[in-house]
Amino acid sequence: MIRKKIVEILESNDLLKDFIIYGWVKSFRNNQFIALNDGSCLNNLQCVLDFENTAEELINSINIGAAIKVKGTLHESQGRGQRVEIKVNELEILGKANPEDVRKTILSPKRHSLEKLREQAHLRVRTNTFGAVMRLRSKLSYAVHHFFNQKGFNYVHTPIITGSDAEGAGETFKVTNFDLKNIPTNEAGEIDFSQDFFGKETNLTVSGQLEAETFALGLSNVYTFGPTFRAENSNTSRHLAEFWMIEPEMAFCELDGNMDLAEEFIKFVLAYVVEHCADDLAFLEQRLLEEEKNKPKEQRSPMPLREKLDFVIKNNFKRVSYTEAIEILRNSKPNKKKKFQYLIEDWGADLQSEHERYLVEKHFKCPVILFDYPASIKAFYMRLNEDGKTVRAMDVLFPGIGEIVGGSQREERYDVLLDKMKALSIDPEELWWYLETRKFGTCKHSGFGLGFERLVLFASGMNNIRDVIPYPRTPQNAEF
Ligand code: 4AD
Ligand code: MG
């Protein structure tokens with residue numbers, strides 16, 4: 001007898017054959033019908049019990065949440081709602097679930113808020129919504145590797161522990177193995193990091209970019225896909241303190257090629273899940289419609305989920321310079337009527353999420369790539385333009401999300417880079433290895449970073465980034 005996943009059984013035509021199935025009980029009706037789920041797909045498998053010939057004690061243990069093993073025969077279903085079902089020949093309880101206790105959890109069969117699910121994050125993968133999101137997340141991450149692999153990019157594992165702050169924003173989590181109650185200091189009273197594990201000050205990485213750049217300058221096209229950490233005190237539905245980032249880096253490539261790659265990449269991975277996650281996406285689309293039913297019309301999504309994904313896959317992203325965008329924003333209704341929280345007055349202003357979303361959702365009504373930002377609001381490594389005041393930066397902005405990608409052409413000129421670092425008080429000694437790549441065969445190169453959870457957020461139609469990662473880390477929260 002062979003063991004099958006429920007997804008295989010539901011697609012199978014092996015009627016009258018015997019199978020072994022494992023899963024968790026979702027519901028049990030009339031002492032007869034078990035809805036079984038093993039997470040292999042959204043749908044449950046109906047297992048029909050011959051209750052007259054089943055011991056009462058066993059029947060009493062078939063409770064919601066219990067883990068069971070079923071041996072049975074596949075039949076066409078007599079009932080409505082499913083094509084096939086399993087007639088149970090043997091049933092074994094592998095892990096009991098006490099109904100009294102289950103009732104207090106999100107496993108109980110009623111609607112639970114997403115907040116409640118977060119409080120029981122260790123159980124939420126058993127819910128339809130979170131299960132669907134996690135399958136989608138897994139498929140998306142597979143699609144990421146698929147895309148870069150087929151384009152000949154090498155996957156590089158950049159370090160998690162590092163001595164540098166790639167973004168220079170000072171939002172790093174420190175790494176140390178000092179006894180925090182007894183931190184060694186030097187004569188000047190400063191912390192003596194030479195006695196720490198690495199003999200220097202270290203932190204968790206905020207981005208693998210700098211190391212990825214060094215690899216691109218040898219392997220030509222590379223990408224990283226790993227966890228990154230930011231001690232940024234942003235309590236929003238778009239920020240995590242620990243998130244996964246995909247960072248491709250290409251040698252001999254300028255900003256236009258970088259924008260092309262970002263657009264092609266996003267379209268590819270979305271098309272991949274549209275094709276391979278049909279059931280989960282249909283479910284998530286329905287979930288979103290339900291959720292938005294009670295919202296005023298202007299707060300609802302303009303398109304159902306799958307239509308929105310199709311729209312992004314089929315239409316060109318609009319490419320607009322920062323300077324043009326500022327003009328649009330300055331003359332926009334919400335700016336004139338002082339509806340923006342941060343009003344746009346002068347060139348040079350940093351764009352807030354409200355501005356990004358205005359451009360995408362109200363003005364252009366499609367994904368937008370903004371480029372050539374003022375040097376003063378961007379990181380040190382971006383290539384300075386001829387005008388001396390803008391850099392070859394680009395951000396991809398998405399409806400409902402705002403910034404999903406941040407990238408740039410890199411400053412490949414040694415002297416210009418050195419001057420920039422000095423101007424921003426970034427110690428050239430600390431980044432000597434990064435600078436050195438500009439001395440030995442430097443070349444034009446570009447790359448970007450895509451926040452993986454923002455992508456999952458967009459693809460799933462969920463509203464809070466905490467609901468698209470297994471265990472979210474946010475300010476004041478690192479439970480589980
Ligand atoms: O714009 P960011 O900060 O760019 C970089 O880190 C560059 N080193 C990338 C590169 O050029 N290789 O971050 C890139 C993306 C953002 O566009 C956003 O999608 C995501 O990472 N991101 C976050 N996602 C969740 N929570 C946060 N706190 C995030 N901060 C950035
Ligand atoms: Mg950014």
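Values below: every heavy atom of this structure, side chains too, minus hydrogens, waters and symmetry copies. Small disclaimer: the values here were computed from a predicted structure and weren't measured. Remember, it's 1-based here, ligands and their atoms both numbered in the order they're listed.
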May I ask which of Ser234, Pro472, Gly449, Ala241 has a heavy atom nearer to atom 15 (C) of ligand 1 than the others do? Gly449

Tell me which protein heavy atom sits closest to [atom], plus the residue, atom name and distance to 0.1 Å.
| atom | answer |
| --- | --- |
| atom 12 (N) of ligand 1 | Glu247 OE2, 2.7 Å |
| atom 1 (O) of ligand 1 | Glu403 OE2, 2.9 Å |
| atom 18 (C) of ligand 1 | Arg454 NH1, 3.5 Å |
| atom 26 (N) of ligand 1 | Leu240 N, 2.9 Å |

Inspect the surroundings of OH in Tyr342 and state if more than 12 heavy atoms from other residues, nucleotides or ligands are less than 6.0 Å away. no

Where does [X] meet ligand 1, judged by heavy-atom distances below 4.0 Å: at the side chain, the backbone, both, or neither?
| X | result |
| --- | --- |
| Val405 | backbone |
| Arg410 | side chain |
| Phe448 | backbone |
| Glu249 | neither |

Looking at ligand 1, does Phe229 have a heavy atom less than 4.0 Å from it? no

Go through ligand 1 atom by atom and flag the ones less than 4.0 Å from a non-hydrogen atom of [X].
| X | result |
| --- | --- |
| Tyr381 | 7 (C), 8 (N) |
| Arg238 | 25 (C), 26 (N) |
| Arg230 | 2 (P), 3 (O), 5 (C), 6 (O), 13 (O), 30 (N), 31 (C) |
| Gly407 | 11 (O) |
| Gly451 | 15 (C), 19 (O), 20 (C), 21 (O) |
| Gly406 | 1 (O), 9 (C), 10 (C), 11 (O), 17 (O) |

Polar contact flag for [X] and ligand 1 (N/O pairs, less than 3.5 Å):
| X | result |
| --- | --- |
| Val206 | no |
| Ile404 | yes |
| Met245 | no |
| Glu232 | yes |
| His239 | no |

Evaluate ring-ring contact (aromatic ring centres under 6.0 Å, His included) for Phe268 paired with His146, printing each intermediate quantity in order. CA-CA 10 Å; Phe268 177 92; His146 189 69; 5.8 Å; yes

Can you tell if the side chain of Met462 reaches within under 4.5 Å of the side chain of Leu114, non-hydrogen atoms only? yes

Of all pairs that satisfy ring-ring contact (aromatic ring centres under 6.0 Å, His included), the ones with a partner from residues 443-480, not counting sequence neighbours: His122-Phe480, Phe225-Phe452, Phe398-Phe458, Tyr471-Phe480

For Phe148 and Phe265, I'd like to know if the aromatic rings sit close, meaning centre-to-centre distance below 6.0 Å. yes

So, do Tyr223 and His145 have ring centers that fall under 6.0 Å from each other? yes

What one should report as the nearest heavy-atom pair of Arg473 and Glu479 is NH1-O, 3.0 Å

Is there a ring-ring contact (aromatic ring centres under 6.0 Å, His included) between Tyr155 and His157 once you walk through the steps? CA-CA 7 Å; Tyr155 179 29; His157 299 105; 4.3 Å; yes

Let's test this: below 2.8 Å, count the protein N/O/S atoms around the Mg ion (ligand 2). 1

Can a donor-acceptor pair be found, under 3.5 Å and without considering hydrogens, that links the side chain of Ser353 to the backbone of Gly402? no

